[in-house]
S.K.: 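What follows is a structure written as structure tokens; I'll ask about it next.
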Amino acid sequence: MSLRSFPGGIHPDDMKHLSRNRKIEPVPMPEKLIIPMSQHIGAPAKCIVKKGDRVRRGQKIGEAEGFVSVPVHASASGEVTAVGEAMHPFGKMLMSVTIKPDESGDTVEGWGVERPWEELSRDELKTLVREAGIVGLGGATFPTHVKLSPPPDKHINTLVINAAECEPYLTSDYRLMMEKTHELLSGIRILKKILDVEECRIGIESNKKDCFEILEKEIQAQGLAGITPILLEVKYPQGAEIQLIYALTGREVPSGKLPMDAGVVVQNAGTAIAVSEAVERNIPLTERVVTVTGSTVGTPGNYLVPFGTPLKHLLDVARADLEKTGKIIFGGPMMGMAQAFLDVPVIKGTSGVLLQALDETIKDSTYSSCLRCGKCVEICPMWLMPTRFGSLSRTGRFQECEEAGLFDCKECGSCTFVCPSHIPLTHFIKLAKFRVLEEKRRQKS
Amino acid sequence: MKKLIVSSAPHIHCGETVQGIMLDVLVALAPATLAGVYFFGLKALMLYTVCIAVCVVTEWLYQRICGFKITIKDLSAIVTGLLLAMVLPPQTPWWVAAIGGFVSIFVAKQVFGGIGYNIFNPALVGRAFLLASWPVYLTSWSEPAKLMSGNWFSLTDAVSTATPLTLAKNGEYTTKLADLFFGNVGGCVGETSAIALLLGAAYLFYRGHISWHIPLPYVGTVALLTWVMGENGVFTGHPLFHVLAGGLILGAFFMATDMVTSPVTGRGKVIFGIGAGILVVLIRKFGGYPEGVCYSILLMNAAVPLIDRLCIARRFGEVRA
Ligand code: SF4
Ligand code: SF4
């Protein structure tokens, strides 16, 4: 069978063998949870608890502020010991609620109560998704209900489920799909109903063929129509929305537009499972599966982690050797964020924690001049000229960067990965974007 | 625990380096380099040594004097030196070769700003300069010497001959194709053996350092045009002869594909290849020289900024009016 794909892209070692066969394992409750009000793209939630309050698991502690926002829930029962700014994985101090978990394990009323959903209206379903605090769990953390509310003039006819998991090392989606196949399919049916679409395509990279087969079998057993798993070539960034849509449907999302302009809504597989739990069992999003992996991790695996769990606790559970560790990354090695502090919490977007040994870490920040080898141009999945961005951005010609398609760049990191001169192209691109936006803000005010 | 390293994504790299690419180019040039020694003896070896040494020393001295970062470790100066020696006639005097090496690195590379900034292929600039300054040395040719014979060992003695292309200029297509293919003909040190060059080119393809975009249109254009523009009317030419004789194979696979001095986009590379092909045929057929590979590439080098500007690809999802 020929595998579907997109033009361009790179082939890093997938490194998934470290953790792919480790079953999802809950971590013991840490001594404290630091839960940020901002775990999604959009307005941070507004804190609605104060120091000294007792909370139950699943209780709302932050209320959504505006449409592009979601509520935040307590990930354990216990006492609120602090409300204030705390270190966030984004590298800044942000409003967070600290909870000291207790032994009671009390949950909020209605937690886990089964709910027949077939009778519910699309709007009622959407409200459930929103109230459960669900955001894109692939790492983008865009509020899911917003993606499920396309304006009436956009005609959506395909739901795409992102099960590519193209970042090397990460296996959390894979494990979820293997262990929660049933929930995945219910989640997809709910999403289909909300969007009122007939067709759903699930994109899976061919290094997860077992998962593809299980899904096919289950779909057949349940007699589900309009859900098709499709095998994709193992290539980065196969799971980037634009590339995934192209591989699965052949449609090109127009430059500067959204997937919905191509009639598609993309949801991550983990998100679909969270939707099923929220709608069918009334369980809000308070934990997620995190792949903890890398050469200095003693027991790499896929851990079920309550939000707010400090990184240090998770690393202890996974027996990480911090002496030998040079870099800790939240997310995958291509797009993840390096962390400076061990007390940052796991949040909704933390798909993985990757540890690199000192000798694997890219330390040398020197680079040589561009050879004009064209490799970055050849592999850019957005068909841009990264080398141009590099030289323009370095010389402060940000305006010209914009004209050359700067904002089409998805910051996938592929160009930096291949550059033989080791030019941090992606970094220069981010810098240029920052400066262009800054300039625009300045002009406005 | 030491301080954690924080840097911007991505956090992994494919491992390729400039030095690695240059090393691959040297490996790819090895068969043709050896073929040069096999056919032309110690003269070839001397030219290789002189050119490489002068190139490396010039680069080092220049950067040392200017206080720039020394980049000889990236091996690019060695590649330039080797390529320059390969496009010189075997009995070129050593001091001429040395001046060529100096010009290649100093004028064509460092004055422009070093690797990555040069517009023209350094080795070809060196050769063009020598051809203009000492035309006699650059246009006298010797026959391949018998292995281990007196001529093979001698640094000066040689039996002079005409190159296949000089003969062809006078309408004599007498050279056996097999000799052209294996390299048993008069010509520049490293250009005569097509098989050795193609072997190396295959390696560069395999390693992903060159693509078909330049060599194929280049060689294809030369073949097509020389076939069409035959001596006795249309389609009576000698395409295979013109592809194998002279420096076309070396030029197409190792000089025109030089990353720094060729277009960055696939489409641009194809235009570059076709343009160079047309120029070679024009020079060989109508120009004053029997061979035109060197000038064809240099002329196309000059056109690269223009080609790059014209060939900005459609961006993914871009709707063009
Ligand atoms: S980071 Fe941007 S420019 Fe670089 S390869 Fe990815 S999309 Fe292209
Ligand atoms: S990959 Fe690096 S060296 Fe090659 S063209 Fe792009 S920026 Fe230049």
Side-chain angles (χ1 to χ4, degrees), chain A residues 7 10 12 91 168 242 246 252-257 322-323 325-329 331 333-341 354 356 358 361-363 365 368-375 377-378 381-385 387 404-405 408 411 413-414 416-422 424 426-427 430, chain B residues 1-22 24 68-69 71 73-74 76 112-119 208-211 213-214 257-269 304-305 308-309 311-320:
Chain A
I10 54 170
I242 306 243
Y246 182 82
E252 255 183 57
V253 177
S255 159
K257 296 281 175 64
L322 291 178
E323 275 306 312
T325 303
K327 200 189 253 185
I328 300 181
I329 299 152
M334 290 302 297
M335 290 186 79
M337 259 182 111
Q339 299 297 322
F341 306 102
L354 169 62
Q356 288 181 328
L358 269 170
T361 312
I362 303 174
K363 287 173 283 283
S365 56
S368 39
S369 33
C370 169
L371 278 188
R372 297 175 35 86
C373 69
K375 290 187 201 240
V377 181
E378 203 176 302
M382 297 306 295
W383 305 354
L384 304 169
M385 300 245 249
T387 166
D408 279 345
E411 300 175 20
S414 304
T416 309
F417 178 83
V418 296
C419 178
S421 294
H422 294 240
T426 317
H427 176 77
K430 289 179 196 166
Chain B
M1 190 179 72
K2 281 159 237 93
K3 245 186 99 165
L4 288 170
I5 295 161
V6 179
S7 62
S8 144
H11 307 285
I12 49 176
H13 190 271
C14 64
E16 192 133 78
T17 58
V18 178
Q19 191 187 35
I21 294 178
M22 293 302 159
D24 275 338
F68 295 158
K69 211 179 115 201
T71 58
K73 272 208 215 122
D74 71 17
S76 64
F112 280 91
I115 187 168
Y117 294 103
N118 50 302
I119 295 173
H209 298 320
I210 60 174
S211 65
H213 294 86
I214 290 175
T257 52
D258 170 32
M259 296 164 173
V260 177
T261 55
S262 60
V264 284
T265 62
R267 226 162 17 123
K269 288 178 182 173
V304 166
D308 267 347
R309 189 159 314 168
C311 290
I312 293 178
R314 186 178 76 91
R315 311 196 301 257
F316 191 92
E318 184 187 7
V319 191
R320 282 199 172 167

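Letters A, B, ... are given to chains in the order of the sequence lines, protein chains preceding strands, and every chain is numbered from 1.
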S.K.: With a 4.5 angstrom heavy-atom cut-off, could you sort out which part of B/T71 is near chain A: side chain, backbone, both or neither?
M.R.: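 It is neither, since no heavy atom gets under 4.5 Å.
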
S.K.: Side chain, backbone, both or neither: which part of A/V253 has a non-hydrogen atom closer than 4.5 Å to chain B?
M.R.: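 Backbone only.
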
S.K.: A/K430 versus chain B, heavy atoms under 4.5 Å apart: side chain, backbone, both or neither?
M.R.: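 Contact with chain B is through the side chain of A/K430 alone.
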
S.K.: Any chance you could lay out the side-chain contact (heavy atoms from CB on, under 4.5 Å) test for A/H422 and B/T17, step after step, and finish with the verdict?
M.R.: CA-CA 7 Å; A/H422 294 240; B/T17 58; 3.6 Å; yes

S.K.: Check this for me: A/F341, atom CZ, are more than 12 non-hydrogen atoms of other residues, nucleotides or ligands nearer than 6.0 Å?
M.R.: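 Open: at most 12 neighbouring heavy atoms sit under 6.0 Å from CZ of A/F341.
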
S.K.: Between B/K69 (side chain only) and A/S368 (backbone N and O only), is there a donor and an acceptor less than 3.5 Å apart?
M.R.: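 Here the side-chain-to-backbone pair does not exist.
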
S.K.: Tell me, out of B/T265, B/I21, B/D74, B/V260, who's got the most heavy-atom pairs with chain A below 4.5 Å.
M.R.: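 That would be B/V260.
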
S.K.: Checking A/S421 side chain against B/V18 main chain: does a donor-acceptor pair fall under 3.5 Å?
M.R.: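 No, A/S421 side chain to B/V18 backbone: no donor-acceptor pair under 3.5 Å.
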
S.K.: Within this structure, what is the CG-CE distance for the pair A/L371 and B/M22, rounded to the nearest 0.5 Å?
M.R.: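 A/L371 CG to B/M22 CE: 5.5 Å, rounded to 0.5 Å.
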
S.K.: Under 4.5 Å from any heavy atom of chain B, what part of A/E411 do you find: side chain, backbone, both or neither?
M.R.: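 Neither part, no heavy atoms under 4.5 Å.
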
S.K.: With rounding to the nearest 0.5 Å, note down the distance linking CZ in A/R372 to CG in B/D258.
M.R.: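 Between atom CZ of A/R372 and atom CG of B/D258 there are 9.5 Å.
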
S.K.: From A/E252 CD over to B/R314 CZ, what is the distance, rounded to the nearest 0.5 angstrom?
M.R.: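 CZ of B/R314 is found 4.0 Å from CD of A/E252.
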
S.K.: Measure the shortest side-chain to side-chain distance between B/H11 and A/L354 over non-hydrogen atoms and say whether it is less than 4.5 angstrom.
M.R.: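 No; the side chains remain at least 4.5 Å from each other.
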
S.K.: Using side chain to side chain contact (heavy atoms under 4.5 Å, CB included) as the criterion, list what pairs up with A/M382, not counting sequence neighbours.
M.R.: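 Expected list: A/I242, A/Q243, A/C380, A/L384, A/K410, B/F316.
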
S.K.: Which of the residues A/G91, A/G326, A/P424, A/C419 is involved in the greatest number of heavy-atom pairs with chain B at under 4.5 angstrom?
M.R.: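 The answer is A/G326.
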
S.K.: Among A/M385, A/K375, A/E378, who wins on heavy-atom pairs under 4.5 Å with chain B?
M.R.: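 Most pairs with chain B among the choices: A/K375.
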
S.K.: Using the side chain to side chain contact (heavy atoms under 4.5 Å, CB included) criterion, which residues pair with A/P168? Sequence neighbours excluded.
M.R.: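 A/P168 satisfies side chain to side chain contact (heavy atoms under 4.5 Å, CB included) with A/P12, A/P333, A/M334, B/I12 once adjacent residues are dropped.
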
S.K.: A/T416 versus chain B, heavy atoms under 4.5 Å apart: side chain, backbone, both or neither?
M.R.: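 A/T416 touches chain B through backbone and side-chain heavy atoms alike.
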
S.K.: Write down the atom of A/S255, the atom of B/R315, and the distance for their closest heavy-atom approach.
M.R.: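 Distance-wise, the nearest heavy atoms are OG-NH2, 4.3 Å.
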
S.K.: Tell me, out of B/G208, B/S8, B/P10, who's got the most heavy-atom pairs with chain A below 4.5 Å.
M.R.: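 Highest number of heavy-atom pairs under 4.5 Å: B/P10.
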
S.K.: Counting only heavy atoms closer than 4.5 Å, note whether A/C370 contacts chain B via side chain, backbone, both or neither.
M.R.: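 Looking at A/C370, just its backbone touches chain B.
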
S.K.: Where is the tightest heavy-atom contact between B/I5 and A/L358, given as atom of each residue plus distance?
M.R.: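 Looks like CD1-CD2, 4.2 Å.
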
S.K.: When rounded to the nearest 0.5 angstrom, what is the spacing between CD1 in A/I362 and OG in B/S7?
M.R.: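 It comes to 7.0 Å.
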
